[in-house]
S.K.: 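Here it is: the structure, laid out below.
Numbers restart at 1 for each chain; the letters A, B, ... are given by sequence-line order, proteins then strands. Bear in mind the structure is a predicted one, so any value in this text is a computation, not a measurement.
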There are 2 protein chains.
Amino acid sequence: MKRAKGFLQRIIQAIKRGPLRMTRKRERLLGALLAMDRPVSAAALRDKAGLPESDLVTVYRTLEAFEGVGIIQRIPLEESGCLFELTEPDDHHHHFVCRECHRTERLDLCLAIELEEQARKLGFTQINHLMEVYGLCEDCQPAAASGD
Amino acid sequence: MKRAKGFLQRIIQAIKRGPLRMTRKRERLLGALLAMDRPVSAAALRDKAGLPESDLVTVYRTLEAFEGVGIIQRIPLEESGCLFELTEPDDHHHHFVCRECHRTERLDLCLAIELEEQARKLGFTQINHLMEVYGLCEDCQPAAASGD
DNA sequence: AAGCATAATGAAAACGACTTTCATAACGAA
DNA sequence: TTCGTTATGAAAGTCGTTTTCATTATGCTT
Ligand SMILES: [Mn+2]
Ligand SMILES: [Mn+2]
Ligand SMILES: [Zn+2]
Ligand SMILES: [Zn+2]
């Protein structure tokens with residue numbers, strides 16, 4: 001948990017600033033997100049937060065609420081679904097994602113900014129981009145097939 | 001339809017080389033893909049091919065078959081679903097995609113190759129990447145809200 | 001401490017883009 | 001034509017996520 005000390009307090013303030021309410025569940029979910037060392041699925045987050053009885057919809061709604069405050073980044077998986085991660089509002093980055101275990105490595109280099117510039121020249125507005133690299137991490141290498 | 005003349009024939013040969021069969025429906029779907037000037041959804045492709053009575057599963061299965069031959073590129077949309085496009089097997093590129101009308105502009109610059117190199121250094125294998133830029137194209141600009 | 005408007009929650013059903021299953025039809029090599 | 005294999009359609013299933021709606025909790029105001 002190598003994160004700024006007042007981070008959580010600042011987040012809570014940001015949330016209370018709007019119409020959102022900070023409930024026990026949201027505190028637990030926020031705490032779990034803060035403690036995570038990697039992006040997680042909604043279901044995994046619910047479990048990590050120690051709220052196994054909570055409905056998943058609550059998790060999704062909470063994530064949506066947090067996303068609105070700008071502290072959640074969504075990382076799409078290759079096939080379906082996505083992972084969620086707590087980030088500072090202006091911390092733009094991408095990831096290497098293991099297709100198998102969903103281990104992710106942060107990728108600080110973003111090469112898409114100039115692409116967005118090109119899009120702008122084409123007349124596009126409200127531009128954003130998606131860039132993730134997928135593969136099998138060290139731990140998920142397929143067992144070497146013998147004679148196939 | 002600015003595509004090499006023998007392209008279709010080469011594709012048909014490639015397909016017949018394997019266990020795949022070239023049926024009327026597949027010919028029509030292939031023709032529609034060839035005639036498209038932009039990536040399309042499975043449902044739109046079925047309609048463009050003039051096969052409104054065909055089941056969508058046939059379209060998906062055909063696209064899957066063509067993908068296996070390396071002539072289909074899949075372009076993920078921001079929210080859900082994806083578009084399909086006919087490409088030459090080694091024609092790697094990305095897109096600008098309009099969130100609204102799904103108009104796409106080809107983006108020949110691929111910046112992710114060096115990222116894949118980084119992933120390799122991290123021990124990842126079977127690496128690929130996803131990179132698309134989303135926005136609203138010229139034709140889909142929101143009507144300027146007056147006094148809001 | 002109550003009261004109250006508003007936001008959060010849970011249960012269940014709905015969504016949407018696919019995918020699977022299985023029986024039937026079409027293909028194409030021999 | 002025959003026959004093994006592949007393609008197709010109908011219907012149901014999947015899976016992550018969202019919607020609906022009735023109930024409960026929050027937190028600001030008396
Ligand atoms: Mn990250
Ligand atoms: Mn393209
Ligand atoms: Zn970026
Ligand atoms: Zn690329």
S.K.: Quick one: pull up CG in B/Asp55 and CG in B/Leu51 and give me the separation to the nearest 0.5 Å.
M.R.: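 The distance works out to 11.5 Å.
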S.K.: Quick test of your reading: applying salt bridge (charged side-chain N to carboxylate O under 4.0 Å, His left out), list the pairs with at least one residue in residues 74-84 of chain B, sequence neighbours left out, ordered by first then second residue.
M.R.: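 Only B/Glu67-B/Arg74, B/Glu78-B/Arg99 qualify under salt bridge (charged side-chain N to carboxylate O under 4.0 Å, His left out).
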S.K.: Can you run down the ring-ring contact (aromatic ring centres under 6.0 Å, His included) pairs that involve residues 122-142 of chain B, sequence neighbours left out, and say none if there aren't any?
M.R.: B/His92-B/His129, B/His94-B/His129
S.K.: Kindly say whether B/Gln73 contributes a backbone atom to a donor-acceptor pair with the side chain of B/Glu85 at under 3.5 angstrom?
M.R.: no
S.K.: Write out a two-atom table: protein N or O, nucleotide N or O from nucleotides 18-22 of chain D, distance below 3.5 Å.
M.R.:
from	atom 1	to	atom 2	distance (Å)
D/dT20	O4	A/Arg61	NH1	3.3

S.K.: Give every residue pair that meets the ring-ring contact (aromatic ring centres under 6.0 Å, His included) criterion with at least one member in residues 55-90 of chain A, sequence neighbours excluded.
M.R.: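 Passing the test, one end in residues 55-90 of chain A: no pairs.
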S.K.: What residues form a side-chain contact (heavy atoms from CB on, under 4.5 Å) with B/Leu77, not counting sequence neighbours?
M.R.: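 So B/Leu77 forms a side-chain contact (heavy atoms from CB on, under 4.5 Å) with B/Leu83, B/Val97, B/His102.
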S.K.: The criterion is side-chain contact (heavy atoms from CB on, under 4.5 Å); which residues satisfy it with B/Ser80, sequence neighbours excluded?
M.R.: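 Partners of B/Ser80 under the side-chain contact (heavy atoms from CB on, under 4.5 Å) test: none.
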S.K.: How many angstroms lie between CD in B/Glu138 and CG in A/Leu122, if you round to the nearest 0.5 Å?
M.R.: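 Reported to 0.5 Å precision, the distance equals 8.0 Å.
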S.K.: If I take atom CG in residue B/Leu77 and atom P in nucleotide C/dG16, what distance separates them, rounded to the nearest angstrom?
M.R.: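 So the CG-P distance, B/Leu77 to C/dG16, works out to 15 Å.
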S.K.: What about A/Leu20 and A/Leu45, same hydrophobic cluster or not, with Ile/Leu/Val/Met/Phe/Trp/Tyr joined at side-chain heavy-atom distances under 4.5 Å?
M.R.: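 Looking at the clustering, A/Leu45 is in the same group as A/Leu20.
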S.K.: Could you pull out all residues at least two apart from B/Asp108 that satisfy salt bridge (Lys or Arg N to Asp or Glu O under 4.0 Å)?
M.R.: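 Expected list: B/Arg106.
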S.K.: Rounded to whole Å, how long is the line connecting atom CD1 of A/Ile15 with atom P of C/dA7?
M.R.: 15 Å
S.K.: Which of residues 17-32 of chain A sit near DNA chain C, with a heavy atom under 4.0 Å from it?
M.R.: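 By residue number: A/Pro19, A/Leu20, A/Arg21, A/Thr23, A/Lys25, A/Arg26.
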S.K.: Please identify each residue that fulfils side chain to side chain donor-acceptor pair (under 3.5 Å) with A/Gln141, with sequence neighbours left out.
M.R.: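 A/Gln141 satisfies side chain to side chain donor-acceptor pair (under 3.5 Å) with B/Thr125 only.
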S.K.: For D/dG16, take OP1 and OP2 only and decide whether either is under 4.0 Å from a side-chain N or O of A/Ser80.
M.R.: no
S.K.: Quick one: side-chain hydrogen bond (donor to acceptor under 3.5 Å, both in side chains) pairs with a partner in residues 14-36 of chain A, sequence neighbours left out?
M.R.: A/Lys25-A/Ser54
S.K.: I'd like to know if A/Arg61 and A/Glu64 make a salt bridge, using a cut-off of under 4.0 Å between side-chain N and carboxylate O.
M.R.: no
S.K.: List in numerical order all residues of residues 38-50 of chain A for which some heavy atom is under 4.0 Å away from an atom belonging to DNA chain D.
M.R.: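 Close to the strand, none.
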S.K.: If the helix axis at each end comes from five base pairs, how far does the helix from C/dA1-D/dT30 to C/dA30-D/dT1 deviate from straight, to 10°?
M.R.: 20°
